[in-house]
Amino acid sequence: MNNRHEQEKKQFKQLFQKEGVDAFEKRFKVLDCFLKIEQHVTCREITDQLKIDGNPMDTEFVEETMKFLCRFGFAHMVQFEDGPRRYEHRHLGMHHDHMVCVKCGDILEFKDEVLEKKQAHVAAAYGFHMLQHRMEIYGICSKCLKSRELMMPLCRARQGETCIIKSFSGGRRAQMRLSSMGLRYGDAIEVVSSQGGGQMVVATGDSRFAICHGLAEKILVQHAPPEMDADTPLTHGHGPGRLPGRKISLSDMKQGQEGVIVRVGGEGTLRRRLLEMGINRGTHIYVEKYAPLKDPLEIIVKGYHVSLRVEEAANIMVEDVQSVKHP
Amino acid sequence: MKNVTMALAGNPNSGKTTIFNNLTGARQKVGNWPGVTVEKKEGTLKRDGYHLKIVDLPGTYSLTPFSIEEIAARDFILDEKPDVVVNIIDAANLERSLYLAMQIMELDRPVVFALNMADLARSKGISIDAERLSMLLDVPVIFTVGNRDQGMDELVETAIQAAESFPMGTSGRKVKYNREIESLISELKTVLQENFQGHHPHPVRWTAIKLLESDQVVKKSLEELSPELEKEMTQLAARSRFRLETIFHDDPEIVLTDDRYGFIAGIVKEVVTLSPRKRADMSRNIDLVLTNRFLGFPIFIFFIWAMFQLTFSLGAYPMGWIESGVSFLSGRLDLLLAPGLLKDLFLDGIVAGIGSVIVFLPNILILFFCIALFEDTGYMARTAFLMDRVMHMVGLHGKSFIPMLMGFGCNVPAIMATRSLENRKDRILTILITPFMSCSARLPVYIILAGTFFGSRAGSVIFGLYFTGIVVAIASGRLFRSTLLRGQDAPFVMELPPYRVPMLKSLMIHMWDRSKMFLKKMGGVILVGSIIIWALSTFPRLENYSMDYEGDIERINNQAEIALSGAGGDGSGGMPQEMVAKISELERLRSQEQVEHSFIGGMGRAMEPLFAPLGIDWRSGVALVTGLVAKEVVVSTMGVLYGIGDGESDALKAALKKSGMTPLTALSMMVFVLLYVPCLATIFAIWRETSAGWACFNLLYTTSMAWVASFLLYQGGVILGFG
């Protein structure tokens with residue numbers, strides 16, 4: 001790295017002198033400082049760093065310099081979503097893409113050969129000659145993920161995030177407001193939009209709610225596990241732990257699991273029979289066991305035992321599935 | 001004496017029949033799974049100047065028009081308009097029970113709630129505020145414990161009171177549906193009221209709701225009343241349904257059901273409290289073993305084996321007693337009656353015929369007792385649970401297993417038990433193959449034949465026969481399912497009731513009910529059949545025998561008299577053994593000749609070519625034909641035809657051996673008996689439950705199967721050198 005930096009400095013000298021750019025010494029200091037910082041920096045950060053190093057300069061001047069540096073290929077300007085302009089080293093021939101953590105602002109560089117090749121293929125498939133590309137992935141870095149296990153107030157969740165309501169730190173009236181909306185512990189909510197200190201709009205299932213900041217502060221949530229997404233189709237339903245918002249069919253549930261019925265399907269006769277046995281929307285059921293031949297299965301509903309075939313159970317959609325010791 | 005009609009309604013397993021028994025003292029079945037109480041049972045009770053007619057309606061979970069039990073229950077309440085309907089509710093299952101209760105209340109008759117099995121609910125920690133429930137729904141509510149006969153008086157008093165105060169009171173608070181539905185109901189009601197102007201056949205609100213649900217039975221009855229009105233209502237209802245579908249994105253029935261459950265949930269919340277201390281659920285623990293993944297089946301097979309083992313080994317003792325009893329009786333009659341036609345009728349026809357069958361009564365009693373035990377403890381439902389997968393592969397239901405199991409006892413109640421199957425196709429299919437489950441009446445034939453020709457291996461041979469029956473049943477089932485009876489399976493959804501310690505009294509009642517059917521068969525069909533067969537084998541009378549039997553017997557008797565009077569003159573001693581034997585032998589030969597000469601002999605000879613390829617001689621052939629009357633008659637006919645007049649099976653065995661039968665032919669005969677047409681009683685039962693067409697089909701199918709199977713067996717055996 002250092003060699004390169006030396007090289008760059010030399011090149012810098014040459015180019016700038018050739019172009020006749022003024023204030024060469026000062027600009028060199030900017031370059032030096034920039035090269036030292038191995039991060040994606042903003043002008044501000046460079047200015048600050050210069051100050052610390054004992055070289056106070058105008059922000060405008062630094063900006064201008066950075067523009068020059070970009071022009072000459074020493075730096076590369078990137079602007080991530082809604083953020084300030086950042087600059088990164090442009091090591092010639094070393095293209096890389098970025099991952100940006102929306103929580104802590106960390107910027108990770110990565111380069112994936114397969115991805116790069118794929119991009120070229122795709123372009124070629126469209127008869128497009130790719131000159132250059134830029135790819136940014138926004139998400140949460142591993143450090144932030146680890147510290148995620150803790151609960152946080154809903155107001156701090158980001159747009160697009162899905163969280164699970166874990167707890168509530170408000171008074172009785174606020175609690176009642178929450179339950180009157182139909183939001184319960186364990187419900188998954190997706191943050192549709194959030195504005196700084198104002199209202200949030202969240203969605204659960206098909207309903208949307210506007211939650212004032214005050215209430216959003218009191219609702220404590222946890223991030224939903226990565227597989228959880230209201231829109232992804234479900235391929236299998238076996239899993240320990242709670243998976244609210246996820247609908248699986250009764251036939252996919254295992255012995256010892258319980259859940260709440262969201263939908264009773266099936267054709268006429270079957271459906272009627274299920275309903276008159278008390279198996280309807282909103283009912284809690286517990287899977288007691290499967291028969292020795294794996295079919296039929298026995299469930300406990302409304303306090304009594306019912307048996308039904310696996311193919312019949314497939315018509316019943318259940319959510320809130322979790323494993324319990326006793327029904 | 002005022003007359004009051006009281007109907008008992010409720011879920012299956014709610015203890016309704018026990019209460020019915022308590023009130024009426026009548027004999028009833030107390031089964032633990034749906035379908036046992038299918039017919040309406042009636043009884044009477046006199047109390048406080050009232051004459052009560054009590055009707056036990058079929059147990060149902062709901063009152064939809066989709067099964068015969070529900071329709072029967074509903075129609076009774078609508079058409080007969082009982083003075084009061086007592087809803088028997090399992091106190092531990094209030095929420096589900098209320099689903100039926102609310103529908104009953106919509107029928108506008110006075111209703112009383114009897115929260116039954118209150119003791120069990122209490123032990124589960126469930127406590128119900130009866131007063132509050134009564135207030136919320138505006139119906140009288142009482143607690144009862146049916147199997148301890150508690151609360152019966154209160155029930156009757158409350159019911160009478162409710163009946164008396166009806167014209168002034170209401171029939172309880174009904175479900176209030178959501179605004180949309182209520183407004184649609186009003187619309188429909190208005191049109192109905194305009195047209196009927198007070199003379200509506202059924203409650204108007206109820207009719208409106210049923211039209212919204214697209215109830216076909218209601219539609220039809222409306223059509224019969226007034227086709228124009230029906231058309232108008234159908235249109236209006238269709239529009240309303242469409243509206244509901246659009247608003248709620250679901251079937252109107254579902255929407256209504258949801259509302260009902262919502263209403264019920266609200267009530268339950270207010271009325272039921274669960275105490276935090278819940279005792280261990282004994283039933284669940286038992287099921288941990290009995291429906292265990294590994295132990296379930298072995299235990300099940302063990303129970304079935306034990307049942308059959310018990311039936312035969314325990315039954316052997318009373319069998320012996322009855323045998324000696326019968327021969328004693330015939331011995332006495334022999335001495336008492338003057339020789340002649342009447343004596344012959346009695347001894348050779350009636351006593352011989354019935355004697356050879358009654359000997360098997362103990363077996364049958366024990367078998368039915370075991371089945372009653374399964375039903376009353378609740379294990380029967382578990383058998384359906386265990387066997388459904390297998391049944392389903394055949395194209396049947398887990399619920400079909402139980403009737404088929406009962407077929408091992410007697411086909412007649414087994415066929416009646418198929419009423420528990422909701423789907424008509426399922427029912428017909430089960431009925432068609434149940435006769436292949438070798439019924440207990442065929443057992444005497446196996447015992448005699450296998451006992452005679454297979455000695456110590458008789459047990460295995462008989463087991464093999466039963467097994468063959470099952471295999472044929474399954475194969476036929478699959479065949480029918482894929483050809484004649486194609487269609488959807490009925491839903492299997494079935495309640496697994498909690499295990500109960502059965503009351504000995506109800507077990508006995510249960511066992512006796514079934515055995516009664518068997519005895520009736522004997523008293524009726526078999527008796528008549530025996531007499532007919534005797535007649536057919538006695539006439540025309542043979543005048544000239546090949547030997548002078550009479551003369552020979554006279555001679556021996558004279559010799560005996562001389563010897564006795566010479567020896568001491570008391571005359572009370574019996575004849576020496578050889579002389580007795582000689583006389584028996586002569587008599588046997590004589591009656592055999594007689595029989596061969598008679599009608600039945602003629603029939604037998606005529607049918608010989610039919611049976612010859614099966615290795616069955618004409619006497620056995622005739623016996624098989626008489627088996628149409630009842631399978632037990634096969635043995636008694638053989639008894640008659642082989643010339644045994646006293647029902648002793650040993651004598652029959654000896655005679656069989658002498659007649660030229662071999663193990664192979666015996667086996668061929670047994671297979672034929674296993675498969676061919678079931679007895680007349682069964683045929684009539686099939687006719688009643690399905691149709692004449694199916695009954696005939698069954699007759700032809702079973703008999704041809706039997707013929708082919710015996711043919712293959714016998715010819716194959718001959719080829720292989722077993723002949």
Side-chain angles (χ1 to χ4, degrees), chain A residues 205-207 250-251 254-256 260-317 324-327, chain B residues 13 60-64 66-67 70 90 92-97 99-100 124 126 251 253-254 257-258 260-262 264-265 268 274 278 281 283-284 287-288 291-297 300 381-382 384-390 392 398 422-423 488-498:
Chain A
D206 284 326
S207 334
L250 177 56
S251 52
K254 283 191 158 149
Q255 183 172 341
V260 177
I261 299 177
V262 279
R263 191 178 131 67
V264 176
E267 49 82 24
T269 332
L270 172 63
R271 202 185 199 188
R272 235 172 280 119
R273 187 97 181 100
L274 289 170
L275 290 172
E276 74 186 18
M277 290 297 278
I279 300 168
N280 67 322
R281 198 168 19 210
T283 311
H284 274 267
I285 54 164
Y286 170 79
V287 178
E288 168 78 350
K289 63 155 68 100
Y290 282 78
L293 296 176
K294 303 277 169 60
D295 193 352
L297 65 139
E298 180 183 345
I299 58 174
I300 301 182
V301 56
K302 289 195 168 93
Y304 51 88
H305 298 238
V306 176
S307 76
L308 66 165
R309 292 194 183 128
V310 167
E311 67 189 15
E312 294 166 346
N315 290 300
I316 303 172
M317 300 308 286
V324 290
K325 277 221 173 64
H326 306 287
Chain B
N13 304 314
T60 61
Y61 290 108
S62 153
L63 288 180
T64 68
F66 293 107
S67 77
E70 290 173 309
D90 180 355
N93 274 326
L94 184 62
E95 192 169 350
R96 188 197 65 206
S97 307
Y99 188 67
L100 173 66
K124 269 189 172 175
I126 301 174
D251 269 341
E253 288 97 331
I254 302 290
T257 303
D258 270 351
R260 284 190 189 114
Y261 271 120
I264 290 170
V268 168
L274 277 173
K278 274 171 76 169
D281 194 342
S283 221
R284 279 190 76 213
D287 263 338
L288 281 175
T291 51
N292 182 281
R293 193 144 45 111
F294 302 111
L295 295 175
F297 262 113
F300 173 55
R382 270 75 184 174
F385 179 68
L386 289 171
M387 295 304 291
D388 182 62
R389 180 96 190 258
V390 176
H392 200 39
E422 289 141 17
N423 186 313
Q488 277 275 345
D489 287 331
F492 173 72
V493 189
M494 173 187 79
E495 184 183 0
L496 292 172

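Residue numbers begin at 1 in each chain, while the letters A, B, ... track the order of the sequences.
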field: Proximity of B/Tyr61 and B/Tyr99 rings by center, below 6.0 Å
entry: no
statement: From the list A/Lys294, A/Met277, A/Glu298, the residue making the most non-hydrogen contacts under 4.5 Å with chain B is A/Met277
message: One pair to check against salt bridge (Lys or Arg N to Asp or Glu O under 4.0 Å): B/Glu495 and B/Arg96. What are the steps and the verdict?
response: CA-CA 12 Å; B/Glu495 184 183 0; B/Arg96 188 197 65 206; 3.3 Å; yes
query: Can you say whether B/Thr64 sits under 4.5 Å from chain A via the side chain, the backbone, both, or neither, judging by heavy atoms?
result: side chain
message: Taking every non-hydrogen pair under 4.5 Å, which of B/Asp287, B/Leu295, B/Val268, B/Val390 racks up the most with chain A?
response: B/Asp287
B/Glu253 and A/Arg272 ion-paired at < 4.0 Å: no
field: Region of A/Asp295 in contact with chain B, defined by heavy-atom distances below 4.5 Å
entry: both
task: Name all residues meeting the side-chain hydrogen bond (donor to acceptor under 3.5 Å, both in side chains) criterion together with B/Glu95; count only those two or more places apart in sequence or in a different chain, and write none if there are none.
output: none
- line: Those residues at least two apart in sequence (or on a different chain) that pass salt bridge (Lys or Arg N to Asp or Glu O under 4.0 Å) with A/Glu312 are none
field: Which atoms of B/Phe492 approach chain A - backbone, side chain, both or neither, heavy atom under 4.5 Å
entry: both
message: Counting heavy-atom pairs under 4.5 Å with chain A, which one of B/Thr257, B/Ile254, B/Ile264, B/Leu94 comes out on top?
response: B/Ile254
